[in-house]
Amino acid sequence: MALKLQQNGYTMKDNQLKKSSTVLNKRPLGEVKSSSHSSFKKPKIGDGSLPITGKQVSVKAEKEADDYDHVPISERLKKPISSGNKSLATKQKATKVVSSSFKKSSKNKKQVKKSMYSKSSKMLPSSGEGQKWTTLVHNGVIFPPPYKPHGVKMLYKGKPVDLTPEQEEVATMYAVMLDTDYMNKATFKENFMNDWRKILGKNHVIQKLEDCNFTPIYEWHQREKEKKKQMSSEEKKALREEKLKQEEKYMWVSLDGVKEKVGNFRVEPPGLFRGRGEHPKMGKLKKRIRPSDITINIGKNAPIPECPIAGESWKEIRHDNTVTWLAFWNDPINPKEFKYVFLAASSSLKGQSDKEKYEKARLLKDYIQGIRTAYTKDFTNKDITRRQIAVATYLIDKLALRAGNEKDDDEADTVGCCTLKVENVEPVPPNILKFDFLGKDSIRYQNEVEVELPVFRAIQQFRTGKQGGDDLFDKLDTSKLNAHLKELMPGLTAKVFRTYNASITLDDMLNRETKGGDLAEKVVVYQHANKEVAIICNHQRTVSKSHSAQMSRLNEKIDELKGMLDEFKTDLARAKKGKPPLKGADGKPKKNLNPEALERKIAQTTAKIEKMERDKETKEDLKTVALGTSKINYLDPRITVAWCKRHEVPIEKIFNKSLLAKFTWAMDVEPSYRF
DNA sequence: GAGTCGGACTCAGAAAATTAATA
DNA sequence: ATATTAATTTTCTGAGTCCGACT
């Protein structure tokens with residue numbers, strides 16, 4: 001957790017300057033809109049895995065189909081990679097290297113033109129008031145297998161205990177966690193024992209957790225794990241295929257006649273609740289979900305999925321086309337909350353809203369100057385609420401803080417901007433703010449930032465007369481803040497600033513820092529920008545427990561290589577004088593190489609050492625930084641795609657398979673696209 | 001009409017699974 | 001070539017945001 005957050009006061013300022021200049025250079029809307037359409041196309045269902053009724057024929061209509069027509073065909077069909085102003089050598093390499101997905105996507109365009117937009121755009125999923133789809137066919141959800149008792153007896157006060165399968169199941173959940181950190185959490189143990197006791201019954205032999213010995217079950221579990229690991233690869237493969245066969249029918253839906261992947265079709269298995277941070281409910285039993293807990297949402301004319309557990313039935317069937325969920329059940333830990341089954345990230349439905357998210361963030365570009373001017377003015381507003389709104393907006397903009405909704409007492413104690421406590425922000429004269437708080441997922445945010453003097457004074461004043469645990473922004477909550485933001489820009493909310501700042505930072509850094517170089521160097525530029533964004537957004541990961549071992553092994557290897565290098569050098573010197581090489585460290589004689597060969601070896605080894613040194617550095621550098629989250633959620637993929645096209649970087653170097661699938665809507669963006 | 005709550009969606013890191021690299 | 005191990009990807013499900021209806 002020793003993340004040393006740079007204060008990004010300097011960097012930020014720099015970015016902001018850049019930003020304002022981008023604003024001046026707006027693109028015509030047409031260009032903005034030109035990208036997405038072809039990629040929303042999905043293959044029609046052809047494998048008969050879903051029961052498609054006659055009525056489920058595609059009536060898919062596309063929003064923005066009209067806008068698409070504004071873009072000249074020549075523009076749309078432009079081959080992304082072929083604008084060749086590069087030297088012959090690079091160009092040749094590039095054509096070979098550049099991704100197939102680009103080519104595919106530009107091909108798609110034509111097909112799309114012909115096949116997709118026959119119906120009027122009046123019917124579009126999101127144009128009809130809140131309507132998300134017209135037909136929806138799916139097979140419901142799959143349940144985890146029933147519990148299989150193992151019969152291994154735990155000990156109570158040293159003696160084996162008989163447990164019913166239900167009691168044993170819960171005991172096993174606990175036993176399996178014996179080697180986790182939860183064993184050091186009193187809350188976890190207490191919550192577990194309370195729920196387990198309910199199942200044991202009042203007068204059970206087992207009364208106190210301290211007298212329980214779960215080791216026999218734990219060891220049984222370890223043996224099972226080992227067995228599984230030792231299975232031959234054929235057995236493993238067979239098992240996988242069996243599972244896949246069972247799950248296949250649940251993996252896909254037909255949405256408006258288009259086959260789409262489901263995200264989470266597996267019902268969550270029972271287990272012990274593992275909250276993040278100091279969660280008051282950790283260790284509670286998450287009970288098994290049954291069909292009678294589950295509400296299914298499905299098209300009116302679609303067959304109702306068969307309940308996969310004999311003799312049981314769904315709780316409810318709905319036909320609500322204003323929502324995108326396929327099913328939900330109440331969270332057993334917090335029955336007021338729901339667990340939804342949604343489509344996968346690769347679906348067009350998700351793609352559509354993803355794109356809308358980035359369009360909204362781009363719209364903020366046109367307003368950001370005005371907004372900044374306005375809140376700067378309000379730092380000294382005599383109305384305290386206005387002043388708090390101004391400062392909060394400033395922090396959200398400058399530091400990419402989350403909005404910070406109110407939380408209940410039965411959740412982990414974490415904060416966002418609006419819920420910051422006095423003790424979370426320490427003013428250090430003349431104008432430094434020291435932040436230290438637990439944010440989402442109880443990830444610590446630590447940062448020291450230089451702020452404008454009026455902000456500094458405002459914070460000091462908000463703190464006066466309050467205790468450490470009091471709200472810093474006592475006149476504020478997220479709904480007031482967002483209501484205010486909505487007056488500044490249509491649809492503006494606090495989270496848009498995070499998207500905006502992340503994406504504009506990427507766009508800006510990529511365009512400032514890409515200077516020729518080979519492919520590897522360009523990828524490094526990208527990773528560098530990605531890292532910057534991850535730091536701004538405070539996306540952290542715990543350092544892997546093998547990290548230090550891995551580092552020292554890297555060091556060993558480097559030393560070894562250096563040793564080799566020295567040997568080569570002495571041998572070279574000797575070879576030049578016609579002498580044979582010295583014996584190796586192991587005492588064996590070496591092949592007598594000519595000087596040229598040795599020169600080559602030296603060059604190779606030097607390069608290898610340099611590469612390893614660089615790898616070591618990045619590894620250490622990124623040990624607490626999670627790059628993935630921003631890539632998935634904050635960075636407009638069109639920035640990446642366009643940059644790849646401009647610099648002849650295969651998109652696969654940056655996006656893996658899932659990302660490519662998730663971002664199909666962004667693939668045919670113009671190379672000139674800027675956020 | 002401010003506050004609360006149900007509801008639906010995005011975003012989050014850890015853990016598990018898979019694949020690639022290396023010995 | 002095969003077995004470890006490291007890196008990467010995928011899965012899992014918890015934790016946020018934000019909206020709108022109700023009180």
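All chains are named by letter (A, B, ...) in the order of the sequence lines, taking the proteins before the strands, and each is independently numbered beginning at 1. The figures here come from the full heavy-atom set of this structure, side chains too, leaving out hydrogens, waters and symmetry mates.
- Among the atoms of the strands shown, none is found under 4.0 Å from any heavy atom of A:Phe328.
- The distance from atom CD1 of A:Ile443 to atom P of C:dG16 is 10 Å, rounded to the nearest whole Å.
- Judged as a side-chain contact (heavy atoms from CB on, under 4.5 Å), and not counting sequence neighbours, the contacts of A:Asp331 are A:Ile333, A:Asn334, A:Glu337, A:Lys339.
- Look at A:Thr629 and you'll find a side-chain N or O under 4.0 angstrom from OP1 or OP2 of B:dG13.
- Under the side-chain hydrogen bond (donor to acceptor under 3.5 Å, both in side chains) criterion, A:Tyr394 pairs with no residue, sequence neighbours left out.
- A side-chain donor-acceptor contact under 3.5 Å links A:Asn405 and A:Thr478.
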Atom pairs, protein N/O to nucleotides 3-5 of chain B N/O, distance under 3.5 Å:
none

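- Partners of A:Arg223 under the side-chain hydrogen bond (donor to acceptor under 3.5 Å, both in side chains) rule, at least two apart in sequence or in another chain, do not exist in this structure.
- Proximity note for A:Lys228 (side chain, C-beta onward) versus B:dA12, C:dT13, B:dA17: the nearest is B:dA17.
- No side-chain donor from either of A:Thr322 and A:Lys132 sits under 3.5 Å from a side-chain acceptor of the other.
- When the side-chain nitrogen and oxygen atoms of A:Lys132 are compared with OP1 and OP2 of B:dC9, one or more of them lie within a distance under 4.0 Å.
- A close approach under 4.0 Å does not occur between any side-chain nitrogen or oxygen of A:Arg498 and OP1 or OP2 of B:dC11.
- Applying the salt bridge (charged side-chain N to carboxylate O under 4.0 Å, His left out) rule to A:Glu247 yields the partners A:Arg266; only residues at least two apart in sequence or on another chain are considered.
- Contact annotation: A:Thr542 side-chain N/O to B:dG13 OP1/OP2 distance is not under 4.0 Å.
- Looking at A:Asn501 and A:Asp397, their side chains do bring a donor and an acceptor atom within 3.5 Å of each other.
- Side chain of A:Arg444 to backbone of A:Leu438: no donor-acceptor contact under 3.5 angstrom is found.
- Ring planes of A:Phe342 and A:Tyr340: parallel class, angle under 30° (limits at 30 and 60°).
- No side-chain donor from either of A:Asn194 and A:Asn191 sits under 3.5 Å from a side-chain acceptor of the other.
- Comparing C:dA15, B:dT10, C:dT13 against the side chain of A:Lys357 picks out B:dT10 as the nearest.
- Heavy atoms of A:Pro269 sit under 4.0 angstrom from primed sugar atoms or phosphate atoms, though from no base atom.
- Residue A:His279 places none of its side-chain N or O atoms closer than 4.0 Å to OP1 or OP2 of C:dG14.
- Looking at heavy-atom distances under 4.0 Å, A:Arg402 makes contact with sugar-phosphate atoms alone, never a base.
- As a whole-Å value, the separation of A:Trp325 CH2 from B:dA8 P is 6 Å.
- Applying the side-chain hydrogen bond (donor to acceptor under 3.5 Å, both in side chains) rule to A:Asn321 yields no partners; only residues at least two apart in sequence or on another chain are considered.
- Rounded to an integer number of Å, the gap from NZ of A:Lys284 to P of C:dG14 is 13 Å.
- A close approach under 4.0 Å does occur between a side-chain nitrogen or oxygen of A:Lys286 and OP1 or OP2 of C:dG14.
- Comparing A:Arg541 and A:Lys662 by the nucleotide of DNA chain B whose heavy atom lies nearest to each, the residue mapping closer to the 5' end is A:Lys662.
- One finds a side-chain N or O of A:Tyr634 lying less than 4.0 angstrom from the OP1 or OP2 phosphate oxygen of B:dA12.
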Let me see the working for A:Asn530 and A:Ser630 under side-chain hydrogen bond (donor to acceptor under 3.5 Å, both in side chains), right down to the final yes or no.
CA-CA 8 Å; A:Asn530 193 168; A:Ser630 51; 3.1 Å; yes
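- Taking 3.5 Å as the limit, the base of B:dG13 and the side chain of A:Arg276 contain a donor-acceptor pair of atoms between them.
- We find that CE of A:Met282 is positioned 13 Å from C1' of C:dG14, with the value rounded to whole Å.
- At the heavy-atom level, A:Thr324 lies under 4.0 Å from the strands shown only through sugar-phosphate atoms.
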Produce the list of close N/O pairs, under 3.5 Å, pairing protein atoms with atoms of nucleotides 18-22 of chain C; give distances to one decimal.
residue	atom	partner	partner atom	Å
C:dC18	OP1	A:Thr493	OG1	2.7
C:dC18	OP1	A:Ala494	N	3.2
C:dC18	OP1	A:Lys495	N	2.7
C:dC18	OP2	A:Asn482	ND2	3.1
C:dC19	OP1	A:Lys486	NZ	2.6

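- Applying the 4.0 Å criterion to OP1 and OP2 of C:dG14, one finds that A:Lys339 has a side-chain N or O inside that range.
- Between the CG atom of A:Asn264 and the P atom of C:dA15 there is a distance of 16 Å, rounded to whole Å.
- The distance between atom CZ of A:Phe655 and atom C1' of C:dT9, rounded to the nearest whole Å, is 15 Å.
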For residues 483-492 of chain A, tabulate all N or O donor-acceptor pairs below 3.5 Å that involve a side-chain atom, not counting sequence neighbours.
none

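- A heavy atom closer than 4.0 Å to some atom of DNA chain B occurs in no member of residues 408-416 of chain A.
- For the side-chain contact (heavy atoms from CB on, under 4.5 Å) test, no residue two or more places apart in sequence or in another chain qualifies with A:Asp413.
- Proximity note for A:Phe338 (side chain, C-beta onward) versus C:dA15, B:dC9, B:dG7: the nearest is B:dG7.
- A distance of 6.0 Å or more separates the ring centres of A:Tyr250 and A:His138.
- By the side-chain hydrogen bond (donor to acceptor under 3.5 Å, both in side chains) test, A:Asp636 is found to be paired with A:Arg638, A:Tyr673, residues two or more places apart in sequence or in another chain being considered.
- Taking the nucleotide of DNA chain C with the nearest heavy atom to each of A:Cys417 and A:Leu659, the more 5' of the two is matched to A:Leu659.
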Check nucleotides 5-7 of chain C for protein N or O atoms closer than 3.5 Å to its own N or O atoms and list the pairs.
residue	atom	partner	partner atom	Å
C:dA6	OP1	A:Arg553	NE	3.2
C:dA6	OP1	A:Arg553	NH2	2.2
C:dA6	O5'	A:Arg553	NH2	3.4
C:dA7	OP1	A:Lys619	NZ	2.7
C:dA7	OP2	A:Gln550	OE1	2.7
C:dA7	OP2	A:Lys619	NZ	2.9

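- For A:Lys545 and B:dA16, the NZ to C1' distance is 12 Å, given to the nearest whole Å.
- Atom CG in A:Leu349 sits about 8 Å away from atom P in B:dC9, given to the nearest Å.
- With both pairing distances under 3.5 Å, B:dG1 is matched to nothing as a Watson-Crick or G-U wobble pair.
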